[in-house]
Amino acid sequence: MIETFLMERMQSTYENVVDFDLSESGVRPVTLREMVDFGFDLDALMDSPLGYSQSNGTIELRERIAAMYPGSTINHVEVTNGTSEANYILALTLIRAGDSVALQIPNYLQLWGVPRSLGATVERFQLERVDGSWEIDWDSFERAVTPKTRFVYITNPNNPTGSVLSREAMKRIVARVEEVGAYLIADEVYQGAEIDGERTPSFWGMSDRVIVTSGLSKAYGIPGVRIGWMVGPPEIIASCWTQHDYITICPNKISDHIARVAVSPDVRKQLYARTRAVLRENLPMLRSWAAEMGDFFEYTPPTAGAIVFMKYNSDAKSIAMCERILKEQSTLVVPGLHCGVESYIRVWLGAKPEYLQGGLARLRTGLAPLVGAGV
Ligand SMILES: Cc1ncc(COP(=O)(O)O)c(C=O)c1O
C-alpha cells in the first residue's frame, strides 16, 4: 500500500478545471513551435519510426547530459520519464525494509510516501526561516541522519521555499552523509531557475555518495515531454536501469529528441534566460499584492524557482483554507501542509502576467475574511 500523494492528487484533480491554477511550480511551458525555433527539427522527426527508444536514454542524450556534470560519462547517466521517475527508481533500488531515509522539510513530498511504502521509516529535518533566510536546523539534521540512513533527500534549490543552500551547508551535508555511509539524493530540478543570482552549485562531484536527479520540467519549462535523469556512481545507475526495464522500459522517443535540443549548451542558456525573464516580470506583482495585505504574509522571495512560500498570519488550517478558496474562487494554490508545514501557502509565479493578476485577485478575495482578523 502507498499513501496518497496529497499535493499531486489535489493538483491533478483540479488544475485543469479551475479558473486560475496557481499551484504549478515551473515557468509556463515552452511550445513545440518555440522548440522548433530553438533548433528542434520537427520535419526530420516526421520520417523517424515511432519505435522504442533506448531504455536508459539514447547515447547522444546521455552524452549531452554527462557534459553538464564534470567527470561523468554516459555510464553515470540514466534518462527517465521525468525527475519523479528518477527519484522513484532510486528509492526502489536503494531501500530495503527497515532502512531509514532522511527528508528535508518543507519539500516536494514524493520521497515521504515512496520510502514508507517500501518499509523504510522517514526522519525529517527542517529548513527554518531565520532572519528572513531559510537555513537547515542542524540539530534536527544530526538526529535524522544516522548509521541507519540509506539516503538523504534534499531539493536544492528547494521546493517550496525557492531557497538555495550555502556552500558551507552543502559541505556539511555531504560530510555527514559520508560519515554515516549513506547516499545523498540531490534533486536539482530547479537549478537554472535563479531569478538574479548566480547559478546554484551542483552537489555533483562533492563525493562518490552523491546522486543528482534533475529534468526538463522546471528551469527549462518543458514538463510535458516527461524527461528527467539521474547522475550517479555507475554501479547504482546500472541497478536503476534494471528497475527501469521493469517499469516503463524507456523514455518516449519523441521526448528524447526534444531533450537533446533542450540540454545543448546554447539552447539551455536561452531557456534559462526565458525562465528568468518570466520570474523577474512577475515577482514585483506578487510583492505589491502581498504588501496590500499589510502584515498578513511573511515570506522570503525565492532565490530560484517559480514559487513563493508564504506564511500567513491566521490560525486557519492550510488544507481547509485552500479547499475553501478552491470552491469559492475557483483558484488553486498549494496548502503548506502538502509540503510538510502548516500555516503556509505556495503560490505560482510562472504564469502570464494577466493570468497571475487574475489569480491573485481571486486569492485576495478568498483570503479577505482572514486578513486583518489576526490569529
Ligand atoms: C523537487 C521536485 N522534484 C521532482 C518533481 C517532479 O518533476 P518531473 O515533472 O520532472 O517528474 C517536482 C515537481 O514539482 C519537484 O518539485
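In listed order, ligands and their atoms are each counted from 1. Keep in mind that what you see is a predicted model, and the values were worked out from it rather than measured. Side chains are part of it too, since the values below use all heavy atoms of this structure and drop only hydrogens, waters and symmetry mates.
Side-chain contact of D245 with T242: a donor-acceptor pair under 3.5 Å is absent, judged by distance alone.
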side-chain contact (heavy atoms from CB on, under 4.5 Å) between I105 and F125: does it pass, once the steps are laid out?
CA-CA 6 Å; I105 295 286; F125 61 95; over 6 Å; no

Determine, stepwise, if the pair Y355 / F20 fulfils ring-ring contact (aromatic ring centres under 6.0 Å, His included).
CA-CA 7 Å; Y355 186 95; F20 293 99; 5.2 Å; yes

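Nearest protein heavy-atom contact of atom 3 (N) of ligand 1 is D187 OD2, 2.6 Å. From the protein, the heavy atom lying nearest to atom 5 (C) of ligand 1 is Y108 CE2, 3.5 Å. Remark: minimum distance from atom 14 (O) of ligand 1 to any protein heavy atom is reached at K218 NZ, 2.9 Å. Looking at atom 7 (O) of ligand 1, its nearest protein heavy atom turns out to be T83 CB, 3.7 Å.
Of the candidates S214, G26, S84, S84 brings a heavy atom nearest to atom 11 (O) of ligand 1.
Salt-bridge annotation for E194 and R276: absent, with no side-chain N of the basic residue lying under 4.0 Å from a carboxylate O of the acidic one. Ion pairing of E60 with R64 is present here, as a side-chain N (NZ or NE/NH1/NH2) and a carboxylate O approach within less than 4.0 Å. Using a cut-off of 4.0 Å between Lys/Arg side-chain N and Asp/Glu carboxylate O, E78 and R62 are scored as not salt-bridged. The residues E168 and K171 are annotated as not salt-bridged, no charged nitrogen and carboxylate oxygen being separated by less than 4.0 angstrom.
Annotation: E8 places no N or O atom under 3.5 Å from an N or O atom of ligand 1; distance criterion only. Looking at ligand 1, you'll find an N or O of R226 within less than 3.5 Å of one of its N or O atoms.
A pairwise comparison of heavy atoms in C250 and N81 identifies O-ND2, 3.5 Å as the closest pair.
The shortest distance between side-chain heavy atoms of I236 and L94 falls below 4.5 Å.
Ligand 1 has no atom lying under 4.0 Å from any heavy atom of E85. At least one heavy atom of S217 sits under 4.0 Å from some atom of ligand 1.
The distance from ligand 1 to the heavy atoms of G82 drops below 4.0 Å at these ligand atoms: 10 (O), 11 (O). Counting atoms of ligand 1 from 1 in the listed order, those under 4.0 Å from a heavy atom of V189 are 1 (C), 2 (C), 3 (N). Set against the non-hydrogen atoms of T155, the atoms of ligand 1 under 4.0 Å away are 1 (C). Every atom of ligand 1 is numbered from 1 in the order shown, and the set under 4.0 Å from a heavy atom of S25 is 14 (O).
Under 4.0 Å from ligand 1, the heavy atoms of N159 that appear belong solely to its side chain.
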